[in-house]
Q: 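The structure follows.
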Amino acid sequence: MTPLLRGLATNPALGPELRARLVALATASPDADLADALTERTDLTSGQITELAASGEDTARRLALAGLLPASEVDPVSRPSVALALLDRGAGPEGWARLLAAHPDDEIHRRLASCSPLPLDATATLAADPDVEVVAQLALWTTDPVTAGRLAAHPHAEVRSAAAANPATPPEALAALLTGRGLAPADSCLVCDREEIPFVHDPYCPRTDCELAGGAACAGGHESTVHETWCRALRNPAAPVEAALTLIGHPSMLVRWALAERTDLPEESYERLAEDSVPGVWLAVAENPAIGERLIRRLAADPPGDVRRVLALHPRVPLDVLTRLAAEVRLPAEPPPRIAAAGPDEIAEFAASPHSAVRGLAARRRDLPARLRDALADDPDAAVAKAVASHPGLSEDRLRAMVARLGVQVLSRVAANPSASAGLLEALARHDPPVLRVFRQVAVHPNATEAALLPCLSDPRARDDAARHPALSPAVLVDLLAHGSPDTAEAAAANPSLPRAVMEELTGRGQDAEVMSPVKAVAGSPSATVTGMPPAAFSSCDLNSAEVEPS
């Protein structure tokens, strides 16, 4: 199937007649791509859904997962994979689960075990399945606490490990997995099922048929699986904190790391973990929203740069610490959580700070009073003005003044402003030297005109978005169909401004579609004349741009 038909299948302007023609092409073709593209539409008739579902299992599954294919259209015996998709959405009859639990194919059992909720009799059948992978899937996904608790004590270590990750597993069962108290040792694991023990699996195992994870090991105690069980249980919010704390001094870095991510430990435990020799552990502590001000200040006193950056984004960081950190680390464009939660008086204080890094934090808020917003837009520091440049309340004159004053440093943020006018976007797209990030913003801006979009076609990362923009004229779209790369041609075919005559020709020619002939019909002239650029520009031209604006 050509990319043109795939793009056309998602075109929102596709009328009923052409939609029916594409459905007919999809069902007649052995290639499922066109049918799969059509499943993304929301205007398919019930008859078209039935036609597409009959064209292949994958397409039917996509329709089922999208909620388009009703259970009445599916036979669970002949199409078990489609029935499973409906069960996964909770849209299949309970009787299907019982039927599929008795299916002879183990793969059907594995997939059924991941569906939830299931009727109790189907759950019991799966829990007794001789395939341990089926039982492990059930232990991981069941929403029944009784089943999850029972499987947490299963004789196979792999099933226990899966139950450790399930939030439906009762706290007392998770405590037993962490401490071993009241729980008999497991009889087997995947390692000793397959290898003579003691065995440690080579991470670079050359065997193509080997399914063991790298580093999997068993010396009789199912060591690697038990270790994985601890880590999973520690990350399970249902695990009791008292049981979790029994592992706080564990020699495994991964166990301590999992502990550091919990949000229910006492403060002294976080302080102990913050002294860990492994950077990942104390970085996890710094990210943890449960740590208090004392520990935040301690970590911010003399940490590596990664920890300072994490602390600046901590929701409980004191404002005076954030003020210092803002001057030391580079932060994302979004306001840090502490700034997002700050009150009006705090934001006004930040906006009036003598330190540009602090004013830049206030400028990230998108609900600033007009007085503060405009003052920050006029700020002499480029970083501050850039932070507020995409604020929707800024006037055209202020945006143009910002561009005139600061040039390429603010162009892409101004281009992202939802209030940017068509004229301003055209000026930004044709700026010399060009800035590629401007093209990527203009290509998706609702106010962009064709004059602003044409330069965007020269940037590989903006080209496809520009080709989808409804402001492009029919002549340019036909040009892109004929001369664009496959991805760009597909994007142009999805454009709602594509002329109906071209849509008809594409659907009429089917898989052999060529679009050179509609150029004259739509544009009345060769494509190079239509756009003012040679056709090759759409697929191979990359501007020698000055990408100098800071990200």
Q: Rounded to the nearest 0.5 Å, how far does CZ of R371 lie from CG of L376?
A: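 Atom-to-atom, L376:CG and R371:CZ are 10.0 Å apart.
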Q: For residues T143 and S116, is any side-chain donor paired with an opposing acceptor at under 3.5 Å?
A: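 S116 and T143 do have a side-chain donor-acceptor pair below 3.5 Å.
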Q: Compare every heavy atom of L319 with every heavy atom of F350, then report the nearest pair and how far apart it is.
A: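 Closest pair (atom of F350, atom of L319, distance): CZ-CD2, 3.6 Å.
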Q: Rounded to the nearest 0.5 Å, what separation is found between the CE atom of M402 and the CG atom of L394?
A: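 M402 CE to L394 CG: 5.5 Å, rounded to 0.5 Å.
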Q: Flag the pair E396 and R400 as a salt bridge only when some basic side-chain nitrogen lies within less than 4.0 angstrom of an acidic carboxylate oxygen.
A: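 Salt bridge present between E396 and R400.
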Q: Between the main-chain N or O of A24 and the side-chain N or O of T27, is there a donor-acceptor pair closer than 3.5 Å?
A: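 Present.
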Q: Are any side-chain N or O atoms of R262 and backbone N or O atoms of L234, one a donor and one an acceptor, separated by less than 3.5 Å?
A: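 Between the backbone of L234 and the side chain of R262 there is a qualifying donor-acceptor contact (under 3.5 Å).
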Q: Between R308 (side chain) and V329 (backbone), is there a donor-acceptor pair under 3.5 Å?
A: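 Not at all, since once roles are kept as given, no pair shorter than 3.5 Å links the two residues.
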Q: Which pair of heavy atoms, one from L5 and one from L506, lies closest together, and at what distance?
A: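 Result for this residue pair: CD2-O, 3.6 Å.
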Q: S390 and side-chain hydrogen bond (donor to acceptor under 3.5 Å, both in side chains): which partner among R364, R366, Q441, R413?
A: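 Exactly one option meets the side-chain hydrogen bond (donor to acceptor under 3.5 Å, both in side chains) with S390, and it is R366.
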Q: Got a sec: does the CZ of R405 have more than 12 other heavy atoms crowding it under 6.0 Å?
A: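 Check passes, neighbour count above 12.
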Q: Evaluate the side-chain proximity of L457 to L453: yes if any heavy-atom separation is below 4.5 Å, no if none is.
A: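 No, side chains not in contact.
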Q: Could you tell me whether R461 and D459 make a salt bridge, using a distance below 4.0 angstrom between a side-chain N and a carboxylate O?
A: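 Looking at R461 and D459, the cut-off is not met.
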Q: Heavy atoms, side chains only, cut-off 4.5 Å: are L331 and L361 in contact?
A: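 In contact.
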Q: Checking N495 side chain against A467 main chain: does a donor-acceptor pair fall under 3.5 Å?
A: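 Yes, the answer is positive, given that a donor and an acceptor are paired below the 3.5 Å cut-off.
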Q: Report yes if some heavy atom in the side chain of P332 is under 4.5 Å from a heavy atom in the side chain of L313; otherwise report no.
A: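 Yes - at least one pair of side-chain heavy atoms lies under 4.5 Å apart.
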Q: Measure across L498 and A493 and return the closest heavy-atom pair with its distance rounded to 0.1 Å.
A: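 So the two residues come closest at CD2-O, 3.8 Å.
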Q: Taking the side chain as everything from C-beta on, heavy atoms only, tell me whether V321 gets closer than 4.5 Å to L311.
A: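 With C-beta onward as the side chain, the pair stays apart.
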Q: Does the pair V414 and L428 meet the rule for a side-chain contact (heavy atoms from CB on, under 4.5 Å), with working shown?
A: CA-CA 9 Å; V414 171; L428 295 173; 3.9 Å; yes
Q: Let me confirm one number: the CG-CG distance from D33 to L38, rounded to the nearest 0.5 Å.
A: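 Separation between the atoms: 11.0 Å.
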Q: Is it the case that the side chain of R398 and the backbone of A389 share a donor-acceptor pair, with hydrogens and angles ignored and the cut-off at 3.5 Å?
A: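 No.
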Q: Determine, for R6 against E40, whether the closest basic-nitrogen to carboxylate-oxygen distance falls under 4.0 angstrom.
A: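 E40 and R6: not salt-bridged.
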Q: Check whether any side-chain N or O of H445 sits under 3.5 Å from a backbone N or O of N417 as a donor-acceptor pair, and report yes or no.
A: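 It does hold such a pair.
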Q: Using atom types as modelled and distance alone, determine if a side-chain donor or acceptor of R338 lies under 3.5 Å from a backbone N or O of L322.
A: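 No, R338 side chain to L322 backbone: no donor-acceptor pair under 3.5 Å.
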Q: Given side chains that start at C-beta, do those of I49 and T39 come closer than 4.5 Å, heavy atoms only?
A: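 A side-chain contact under 4.5 Å is absent here.
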Q: Is the closest basic N to carboxylate O distance between R235 and E261 below 4.0 Å?
A: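 Yes.
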Q: Can you tell me how far the CZ atom of R297 sits from the CG atom of L295, to the nearest 0.5 Å?
A: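 If we round to the nearest 0.5 Å, R297:CZ and L295:CG are 12.0 Å apart.
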Q: Identify the residue among D378, D381, D379 that makes a salt bridge (charged side-chain N to carboxylate O under 4.0 Å, His left out) with R359.
A: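 Among D378, D381, D379, the one meeting salt bridge (charged side-chain N to carboxylate O under 4.0 Å, His left out) with R359 is D379.
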Q: Hey, is E17 close enough to R500 for a salt bridge, meaning N to O under 4.0 Å?
A: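 Salt bridge present between E17 and R500.
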Q: Is there a side-chain contact between Y270 and N288 (heavy atoms, below 4.5 Å)?
A: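 A side-chain contact exists here, since the closest heavy-atom pair is under 4.5 Å.
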Q: Quick one: do E490 and R468 make a salt bridge, cutoff under 4.0 Å?
A: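 So E490 does not pair with R468 through a salt bridge.
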Q: When you measure from the side chain of D88 to the backbone of C115, do you find a donor-acceptor pair of N or O atoms at a distance under 3.5 Å?
A: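 No, the answer is negative, given that no donor and acceptor are paired below the 3.5 Å cut-off.
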Q: Any chance you could lay out the side-chain contact (heavy atoms from CB on, under 4.5 Å) test for V255 and C231, step after step, and finish with the verdict?
A: CA-CA 6 Å; V255 169; C231 292; 4.0 Å; yes
Q: If I take atom CG from residue L424 and atom OG from residue S419, how far apart are they, to the nearest 0.5 angstrom?
A: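 L424 atom CG to S419 atom OG measures 10.5 Å (nearest 0.5 Å).
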Q: Find out whether N11 and P496 are in side-chain contact, i.e. whether some heavy atom of one side chain is under 4.5 Å from a heavy atom of the other.
A: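 Yes, at least one pair of side-chain atoms sits under 4.5 Å.
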Q: Before you tell me yes or no, could you show the steps for E275 and E271 under side-chain contact (heavy atoms from CB on, under 4.5 Å), namely the whole-Å CA-CA distance, both residues' side-chain angles and the distance that decides it to 0.1 Å?
A: CA-CA 7 Å; E275 297 173 352; E271 291 177 353; 5.8 Å; no
Q: Is it the case that the side chain of T507 and the backbone of M503 share a donor-acceptor pair, with hydrogens and angles ignored and the cut-off at 3.5 Å?
A: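 Yes, the answer is positive, given that a donor and an acceptor are paired below the 3.5 Å cut-off.
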Q: Once you round to the nearest 0.5 Å, how far does CG of L52 lie from CG of L69?
A: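 Going from the CG atom of L52 to the CG atom of L69 covers 10.0 Å.
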Q: May I ask you to decide whether R309 forms a salt bridge with E328, counting only side-chain N to carboxylate O separations under 4.0 Å?
A: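 Salt bridge flag = no for E328 with R309.
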Q: Hey, does E504 have a side-chain heavy atom less than 4.5 Å from the side chain of R21?
A: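 Sidechains of E504 and R21: in contact.
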Q: Run the numbers on D306 and V310 for side-chain contact (heavy atoms from CB on, under 4.5 Å), then give the verdict.
A: CA-CA 6 Å; D306 286 346; V310 164; 5.7 Å; no
Q: Does atom CD of E73 have more than 12 heavy-atom neighbours from other groups under 6.0 Å away?
A: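 Atom CD in E73 is packed in, count exceeds 12.
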Q: In plain terms, say whether E426 and R430 are close enough for a salt bridge, that is, a side-chain N and a carboxylate O under 4.0 Å apart.
A: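 Not counted as a salt bridge, because no side-chain N and carboxylate O are separated by less than 4.0 Å.
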